[in-house]
Participant: 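Here it is: the structure, laid out below.
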Amino acid sequence: MKIGFVYPWFAPSVGGVETYMKNLHEEFEKLGHEVHVFTSDEHHRGPDRNEKRSHVHFIETKLLLGYRIPQKKSVRENLEQYPVDILHCNGPHPYTTAFAWYAGGKKRGAGGKRVEQPKRILTYHAHANPASFLPRIAAAIEKYFYRFLFDGLVVTTHWYEKEVRKFYPRKRIRVIPLGVQKTLFKKPAERKPERPFREVLFVGALDDNHRYKGMEILLESARQVPYVQYTIIGDGNKRNFLERTAEERGLENVKFLGSVSTEKLRAHYVQADVLILPSTSNSEGYGIVLLEAMACGTPVITTDKVGSHEEIVKAQAGMIVRASDPDHLSKAIKELLSSPELREKIVQNGYALVQDRSWDKVAAETLNFYGKLTAKN
């Protein structure tokens, strides 16, 4: 099968959607499928790109309401050169909506030859909540066209299934939870190192598109719990601002490390006493870092008002605190660090929860969904 992924960014850019595509891409290739990525990520522009990225095809764009939108000509030329059976889009995002529209609009190629249209699928990762008025209106309208643009929708939690059923036919939705890289799992004999300090870990993008990550809440929590080190892994255009803010507030216990390799990330997961994801809105789709931390034997704390998180962190596999409430977050951190019994219970429950969450399983379920859609031809 020929499969194409669509999203504005792709690895080595860091983010939950990028991780999703990268892992599915690798699993599909292991199974012998031909995989292409259509993106406008600047990492993949120009002839000097790494040959290993030859399966990644750069799409030219134009700006609309502050968003990069793919150019119709670039989309159609690339799909003619690299035809696919399944076009797996990721969103919601105006980029992928436009791409899907262009992909389905041409039935004749060069010389009048009929072009077989690919089945178009969207993984709906999370609600879009743009900051400004016009993009918010556009996002609200955009999703009601999905029933005409996409042959099927994938969601990662049952909570989001209920959400998308408000605007998309239920029978064409498939729930496929995300996975965890097997290399992240804690070795049985591995233990937290003895250290003179306790460590709270945050992993996530630090940019305008991820303003819902709750960094202001995290910094206030760091002020309230000054005897604990807060380690921040991630990068983006807000990193320098956040570093200056922490310095101005005298938060010597906050350390920004930027992006790190997968190997180093695993080491940080293993050594941390707790991972926090203080998301402030349902724009946080799944929070894959929660699963990664659980796999490394690290307890997690996240927030309510992110419906999918209460589904993921279930059966006492983590702690849920009130969103946008640094006092409640700080209290939970103190409680977890001061109670070995609570910590051990959460660690064991979390580790048990992720045992069946592997990317090969996610790939198998996704391919099954593809097969059902293509069989309808």
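Values below: all heavy atoms of this structure, side chains included; hydrogens, waters and symmetry mates excluded.
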Participant: Assess whether a salt bridge exists between E216 and R249, defined as any Lys/Arg side-chain N lying under 4.0 Å from an Asp/Glu carboxylate O.
Facilitator: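 A salt bridge is present here (some side-chain N lies under 4.0 Å from a carboxylate O).
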Participant: Does D327 offer a backbone N or O that forms a donor-acceptor pair with the side chain of S330 under 3.5 Å?
Facilitator: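 Such a contact is absent between S330 side chain and D327 backbone.
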Participant: Identify which one of H88, H33, K119 satisfies the side-chain hydrogen bond (donor to acceptor under 3.5 Å, both in side chains) criterion when paired with Y370.
Facilitator: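 Result: among H88, H33, K119, H88 is the only option passing the side-chain hydrogen bond (donor to acceptor under 3.5 Å, both in side chains) with Y370.
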Participant: Taking it one step at a time, do E42 and R68 satisfy salt bridge (charged side-chain N to carboxylate O under 4.0 Å, His left out)?
Facilitator: CA-CA 12 Å; E42 293 296 333; R68 294 174 68 184; 3.2 Å; yes
Participant: For residues H125 and Y160, establish whether the separation of their ring centroids is below 6.0 Å.
Facilitator: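 Here the rings of Y160 and H125 have centres that are no less than 6.0 Å from each other.
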Participant: Whether K143 engages the ring of Y146 as a cation-pi pair (distance to the six-membered ring centre under 6.0 angstrom, angle to the ring normal within 45°) should be assessed.
Facilitator: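 Relative to the ring axis of Y146, which defines the angle, K143 lies outside at least one limit.
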Participant: Would Y124 and F167 count as a close aromatic pair, with their ring centres under 6.0 Å?
Facilitator: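 They qualify: ring centres under 6.0 Å apart.
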Participant: Could you walk me through whether Y95 and S40 pass the side-chain hydrogen bond (donor to acceptor under 3.5 Å, both in side chains) test, one step at a time?
Facilitator: CA-CA 9 Å; Y95 180 96; S40 298; 2.8 Å; yes
Participant: Between E60 and R45, is a salt bridge (charged side-chain N to carboxylate O under 4.0 Å, His left out) present by the stated rule, with each step listed?
Facilitator: CA-CA 9 Å; E60 297 294 339; R45 178 192 281 275; 3.7 Å; yes
Participant: Say whether, by atom type as modelled, one donor and one acceptor occur between the side chain of Y168 and the main chain of F150 under 3.5 angstrom.
Facilitator: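 Side chain of Y168 to backbone of F150, a donor-acceptor pair under 3.5 Å: yes, one is there.
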Participant: Can we call the ring centroids of F38 and F99 under 6.0 Å apart?
Facilitator: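 Yes, they do, as the ring centres are separated by less than 6.0 Å.
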Participant: For the backbone of G371 and the side chain of T374, can you confirm whether one donor and one acceptor N or O come within less than 3.5 Å of each other?
Facilitator: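 Yes; at least one donor-acceptor contact below 3.5 Å.
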Participant: As a quick check of understanding, evaluate side chain to side chain contact (heavy atoms under 4.5 Å, CB included) for V6 and T39, giving each step before the final call.
Facilitator: CA-CA 6 Å; V6 175; T39 183; over 6 Å; no
Participant: Out of the candidates I276, I346, D273, only one should pair with L336 under the side-chain contact (heavy atoms from CB on, under 4.5 Å) rule; please name it.
Facilitator: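 It is I346; the other options fail the test.
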Participant: Which of these, E29, E34, H36, H25, sits in a side-chain hydrogen bond (donor to acceptor under 3.5 Å, both in side chains) with H55?
Facilitator: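 Exactly one candidate clears the test, H25.
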Participant: Salt-bridge test for R172 and D151: reply yes if a basic N is under 4.0 Å from a carboxylate O, no otherwise.
Facilitator: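 No, R172 and D151 are not salt-bridged.
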Participant: Can you tell me if NZ on K162 sees more than 12 non-hydrogen neighbours from other groups inside 6.0 Å?
Facilitator: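 Result for NZ/K162: open.
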Participant: Counting only N and O atoms by type, is there a donor-acceptor contact under 3.5 Å from the side chain of N90 to the main-chain atoms of Y7?
Facilitator: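 Answer holds: no.
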Participant: Among H44, H43, E18, which residue meets the side-chain hydrogen bond (donor to acceptor under 3.5 Å, both in side chains) test with S13?
Facilitator: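 Only one option passes, and that is H43.
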